[in-house]
Each structure stands twice: as structure tokens, then as C-alpha cells.
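What follows is a set of notes on a single structure, which appears directly below.
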Amino acid sequence: MSNQSVRTRFAPSPTGYLHVGGVRTALFAWLIAKQGDGQFILRLEDTDKKREVAGADAHIAESLRWVGIGWEEGFDKPGKHGSYRQSERLDRYQEWAKKLVEQGRAYADPYSAQEVQKFREEAQATKKPFLYRNHRPENPPEWDGTQPLRFKSDPKNYNWHDEVMGDLSTGPEVIDDFILVKSDGYPTYNFSHIVDDVDMEITHIIRGQEFIASTPIYLNLYEALGVTPPIMGTVPHILGPTGNKKLSKRDGAKDILDYREQGYLPAAMMNFLATLGWNDGTEQEVFTTEELISKFDMKRIQKNGSRFDETRLSWLQGAHVRKASIDELYKLVQSFWPESAEEFPDDYKRRVLALLQDRLKHFAELPALSSFFFEDLEPNLDLISSHKQLKKLPETELKSLLSEAVAMLKDNDFSENSLVAGLNELLEKTNQKPAVLFSLIRICVTWSPSSPGLAETLNLLGKDRSLKQLEHALTIPLARAHSS
RNA sequence: GGCCCCUUCGUCUAAUGGUUAGGACACCAGGUUUUCAUCCUGGCAAUAGGAGUUCGAUUCUCCUAGGGGUCACCA
């Protein structure tokens, strides 16, 4: 019966999308499983029917899959432990509940919700902490399933070890009789996750710090069940961009799949999430998935919450883009090209991408960076009038420089080398600074605020299109008329 | 309020008794024959406060302050 391999799980409730916080918790658990050559389980905690959102389960699965997190067993991938959807495991919780009742460790709660609430308010009025067990009925009715079933706790001190937080301890005052099974027959999270983790032979529980306060009651329940608790790792929250509150959907935390829409690389996202609150002790910042698996260590997770910083994500994205091979990158950006790129052959687009690799971050920027390679943009005279050097030149000067450029380029074979040579000669011939001459040509060919190197750009655009753009520029007024 | 946890540059963090407190992001300046980037160089910038232990505290102890979590028939 003993299973030595590491088994971790991520157990979201299907109430909506996943944001970076949830995915990070899943990632940590996944890394531990992969590192131990073990299994990662995706379980669905769907015991609150009221909060359930249709389709959330598939959306969650899709989110994890995108980041690169896969699971050996899950709600959509049955394994040796039956269903991984709690709503389909009700019999199992009933069995365990009955066992606890037989052992005298669980009893029916005879009070109505209103009555319990009254106890709570009384305690509050006398400034005492509310404990249900102070009202524990002497002769509880037999549990018929219509009342909530409560755990009969055994209050005591607890000292336990948390892989992230270190040694923790609490007194008996935090141990109370909590509800195991709700009056609708569904188990509470507090009960179901323990039964499931035992059944599914989970060895490490990784979860957010909101569960740290209830860990003692879980320990109490494990004891009643005669079960050794799994290893626990409590991960601090990710903080929102402002304030010190935990990142939440309410404050605009995005669906993780929004980052896919914006064209972030899964590897960059994984790198970002893993290093938010964790580092390997060296100065390494950029990690591959394989490196994360081999280097991850729960003991090095930060005890305090860390702030979500999209700027860092963007930087990591750039780092991963630059590391990627063009083939890899080309596959990933396929849905992000501007519409005008559609007609162009793969080879051409691949070359555009190669020129853009150093300046591309998330792929949604691709159209803005590349459109002039696929279509002739409208002349934008602001580019000249706002240019430090060009704005000082009169119309005649601009036109004559352009004419010289056209003349030179007409004689050029447009190989990159010839272009570099030709442009250099032109600098000498016109006695101009690159800041003037190259800017003017670049702007009149692309009409784009930025572009790759001039020779590379002309080379890729080709002789016909480059000359056509320059000759067109010769026919329009370039210098803005000064009013004074 | 009770209980628990946390506190190093703006941000992510390194350093567990001896360092000019290190790195990265961001920002600023300079360089790489134009722009935007990349890359390189330099700069700015932190141990929450107070006691104590010690020859010596970011590091150990205590107190204070601040922040967070939790106290559901939600997970």
C-alpha cells in the first residue's frame, strides 16, 4: 500500500478563472512532483454548488496546460483513485464521516444557523473569541444527514513544521468543532480535502497562507483519523500592484490566459511565477523549465508576500524571446502578425522576425513593430518635425539629400554589404552626419517610429519597394512650414 | 479584538555574527555610425524604530510600530 513516489496536487474550486497567484501555487506543487519524479494531480473541489461557474473546470485545465503544467491524474484524466471531482466522491466522505461518528469523534449539530450565529454574537459582545465547542450539546441527536455533522475536537497545543514557514505553534484555543458535512450532504473543504489527500496518497500539500490558521484543526482531524499528515508547504500570497493586499480578481488580476492572448511565452510566464518569491541562492534570473525543476527548493521560498510586477514579466519575456531559436519563435508568433502579412511567404516573415527578435517583447507588439514590412504606411511628417536634427533642415535640403540617396540606391544591388558601403559613401559625398542622413532615409522608407538597422531594413524590403517609397517622398512636402 | 505569520534599495531578492550590505528589474547618464531595442559601462537607491547579548549585529533575544492572514453549513 505504501507508495514512495512524491505526489502533489492542485485543487482549485471551479468558480472562475485562474490568476497568477493560483497558477504559481500550482507551479510550485508541480515542480516538487517533477523534481521527485512523482505525480501531479489536478483535483476539483466542487462542493459548493452555489459558487460553481460553468466551464471553469475546462478553463482552469487550459490555463495550467498553457503554462506548461501537466498532470498524471485529474478530473479529466481518471487514475487509480476514482473520480478527482469531489462532487463525485460523496460516498467516500460519508464513509469516513460514519467512521468518525462511530468513534465518537463526530456528532450532529442540533442548532440552526441562526442559533449558532447568536452564540457567536454573544461571544463577541463579551469580547471573547467564539468557540462552538463551548456550546457542544451533551446529548446530540443521531445524525440523519439533515443536520450538519461536526468534528468533536480534542483541543491541545500543536507544534508543527512547515517546509516554507519553518516551525509553527499554536495553543488549544484555536481548536474547535468545525463542520465536516453540511446539511446539504456535501462535505466542507476542511473535511473533503483531508479525505482526498489520504485517499490519493498525496505526500506534499502546497497551498496559500490563508490555510495556515486552520492547519491545527486539520492536525487534530488527522489524529482522529489515525493518519500521518502530509508534508505541508505554505506559500505566501502575491500582492497586488498597489497596496499590501493579496492579489485578487477584484483588483484587476488578470486571467492567466490573457497573457497568452497578449503573446507571452509560457516559458517566460513560468520563469516569472517561479521566481516570484523564490530564488536558487545564486544570481541567476532566467531559468528554463528544466532548470526550475532541478533547482526548485521549497525551503528557499520567501516567507513574506511578494508584489506582482508586470515590468519584470515583460523583461523576462524579452529575455526568453532573445534566447529562442527563430524556428521556435516563428511557430509561436503565427497568430500575431498584422493582417497585411497574410499574403507574404513564410520565408519573408521569418526574416522580418529575425530582425525584430531583439526588440520584441510580448507578441501583441508585433504588428506595431513590423507592419511597414508588409504595407506602405501613410507618410507621417511628425517623424521629421519632431526629429532633433531633421526639423532644422529646410525643404530643399531634405529633398536634395533624398535625391542623392535615390541616385545611390538605384545603382546598388541591395545586398547588405553593398548597402552598407553605399550608405557610407553617401555620408562622405553629402558631408552629412548619420543622424541626419540615415534618419531621413529610414523615416521616408518606413514612416515608422522605429525599425531595425537601415541596411538590414532596406535589404529585406528590397530595391523596388525601397525606391518606390523614397520616390514618393520626393513628391510630397516634408518640412513643416514655420509660422514665424 | 483573540490567535498566527511577516518586515533588506521604488520592485524582486542575496548575505544567518565580521562584506565598501551583493545582484536583477525599473529609472538616470554615457558608449555601440540614424530611430526603437539589444548589448556594454557608470550612477541613484535598502537592513522599520528602540533596547539588550556580543569585541562586533541585517543576522540572536525582547519591546514598539507597521503590514498580512484567520476566526463561514466558502474554498
Side-chain angles (χ1 to χ4, degrees), chain A residues 11-13 15 45-48 50-51 86 109 112-113 116-117 120 123-124 127-131 147-150 162 165-166 168-171 173-174 176 178-190 192-193 207-216 234 236-237 239 241 243-246 272 275-286 302-309 311-316 318-319 322 356-361 368-369 383 387-390 420 423-424 427 432-443 446 448-454 457:
Chain A
S13 53
T15 53
E45 312 239 329
D46 58 343
T47 57
D48 185 355
K50 293 187 287 288
R51 293 205 310 154
Q86 289 186 328
D109 178 350
S112 69
V116 175
Q117 181 57 28
R120 191 173 284 126
Q124 251 166 24
K127 297 202 169 176
K128 283 184 175 166
F130 169 72
L131 283 171
Q147 319 98 321
L149 184 72
R150 285 203 183 249
D162 185 286
M165 302 304 290
L168 302 172
S169 60
T170 51
E173 69 280 354
V174 303
D176 197 13
F178 63 97
I179 291 176
L180 299 168
V181 180
K182 298 179 267 184
S183 56
D184 66 0
Y186 280 81
T188 59
Y189 165 83
N190 294 335
S192 60
H193 90 272
R207 60 182 154 201
Q209 69 174 182
E210 65 269 29
F211 294 102
I212 206 161
S214 42
T215 298
T234 303
H237 289 141
L239 277 31
N244 288 316
K245 289 273 196 278
K246 139 184 175 182
F272 171 72
T275 54
L276 194 55
W278 172 84
N279 71 84
D280 74 341
T282 72
E283 285 175 359
Q284 184 169 357
E285 304 278 345
V286 181
Q302 240 22 257
K303 285 196 178 97
N304 52 325
S306 38
R307 195 174 299 280
F308 176 72
D309 178 13
T311 312
R312 184 179 152 77
L313 170 61
S314 181
W315 172 73
L316 277 169
R322 271 167 258 128
L356 260 24
Q357 187 171 18
D358 279 351
R359 57 211 86 204
L360 185 61
K361 289 212 168 80
L369 291 174
L383 293 174
H387 189 280
K388 275 192 296 256
Q389 321 260 355
L390 293 182
V420 169
L423 288 167
N424 279 336
L427 276 181
Q432 269 298 351
K433 288 184 287 195
V436 170
L437 184 64
F438 290 179
S439 293
L440 180 64
I441 299 172
R442 192 194 73 73
I443 288 171
T446 67
S448 173
S450 74
S451 60
L454 184 51
T457 301

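Worth knowing before you read on, the calculation uses all heavy atoms, side chains too, and leaves out hydrogens, waters and symmetry mates. Chain letters run A, B, ... following the sequence lines, proteins first, then strands; residues in each count from 1.
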Original post:
Counting only side-chain N and O atoms of A/Arg150, is one of them less than 4.0 Å from OP1 or OP2 of B/rC73?
Top reply: yes
Original post:
Base, sugar-phosphate, or nothing: which does A/Glu285 touch, judged by heavy atoms less than 4.0 Å apart?
Top reply: base
Original post:
Is there a Watson-Crick or G-U wobble partner for B/rC60 with both distances under 3.5 Å, and which nucleotide is it?
Top reply: B/rG52
**OP:** Just call it for A/Leu454: base, sugar-phosphate, or nothing, with non-hydrogen atoms closer than 4.0 Å on any strand.
**Re:** base
Original post:
Within less than 4.0 Å of OP1 or OP2 of B/rA14, is there a side-chain N or O belonging to A/Asn279?
Top reply: yes
**OP:** Grab the CD-P distance between A/Glu283 and B/rG23 for me, whole Å please.
**Re:** 7 Å
Subject >> Closest non-hydrogen atom pair between A/Thr15 and A/Arg51, with its separation >> reply: CG2-O, 3.3 Å
Original post:
Taking only N and O in the side chain of A/Lys128, is any of them less than 4.0 Å away from OP1 or OP2 of B/rG1?
Top reply: no
**OP:** For B/rC74, take OP1 and OP2 only and decide whether either is under 4.0 Å from a side-chain N or O of A/Lys182.
**Re:** yes
**OP:** Indicate, with a heavy-atom threshold strictly under 4.0 Å, whether A/Asp176 touches base, sugar-phosphate, or nothing.
**Re:** nothing
**OP:** Could you tell me whether the phosphate oxygens of B/rU8, OP1 or OP2, come under 4.0 Å of any side-chain nitrogen or oxygen in A/Asn304?
**Re:** yes
Original post:
Phosphate oxygens OP1/OP2 of B/rA72: is one of them under 4.0 Å from a side-chain N or O of A/Arg120?
Top reply: yes
Original post:
Across the strands shown, which category fits A/Thr282 at heavy-atom distances under 4.0 angstrom: base, sugar-phosphate, nothing?
Top reply: nothing
**OP:** Take atom CG of A/Leu356 and atom C1' of B/rU35, then tell me their distance rounded to the nearest Å.
**Re:** 13 Å
**OP:** Classify the nucleic acid contact of A/His237 as base, sugar-phosphate or nothing, counting any heavy atom under 4.0 Å across all strands shown.
**Re:** sugar-phosphate
Original post:
Quick one: is B/rA14 close enough that its OP1 or OP2 comes under 4.0 Å of any side-chain N or O from A/Gln302?
Top reply: yes
Original post:
Distance check: side-chain N/O of A/Arg322 vs OP1/OP2 of B/rC39, anything under 4.0 Å?
Top reply: yes
Original post:
NA contact type, A/Asp109, heavy-atom cut-off 4.0 Å: base, sugar-phosphate, or nothing?
Top reply: nothing
Subject >> Residue met sooner reading RNA chain B from 5', once A/Gln209 and A/Asp46 are mapped to nucleotides >> reply: A/Gln209
Original post:
When the distance from CZ of A/Phe211 to C1' of B/rC5 is rounded to whole Å, what number comes out?
Top reply: 16 Å
Original post:
Of all the choices, B/rC74, B/rU70, B/rC5, which nucleotide is nearest to the side chain of A/Met165 once you look at every atom?
Top reply: B/rC5
Original post:
When we call it a touch if two heavy atoms are under 4.0 Å apart, what does A/Thr311 touch: a base, just sugar-phosphate, or nothing?
Top reply: sugar-phosphate
Original post:
How would you label the contact of A/Pro452 with the nucleic acid (heavy atoms, under 4.0 Å): base, sugar-phosphate, or nothing?
Top reply: base
**OP:** Would you indicate, yes or no, if B/rA75 has its OP1 or OP2 atom less than 4.0 angstrom from a side-chain nitrogen or oxygen of A/Thr47?
**Re:** yes
Subject >> Phosphate-side-chain proximity, A/Ser306 and B/rU11, N/O vs OP1/OP2 below 4.0 Å >> reply: no
Original post:
Expressed in whole Å, how much space separates the P atoms belonging to B/rA75 and B/rU16?
Top reply: 43 Å
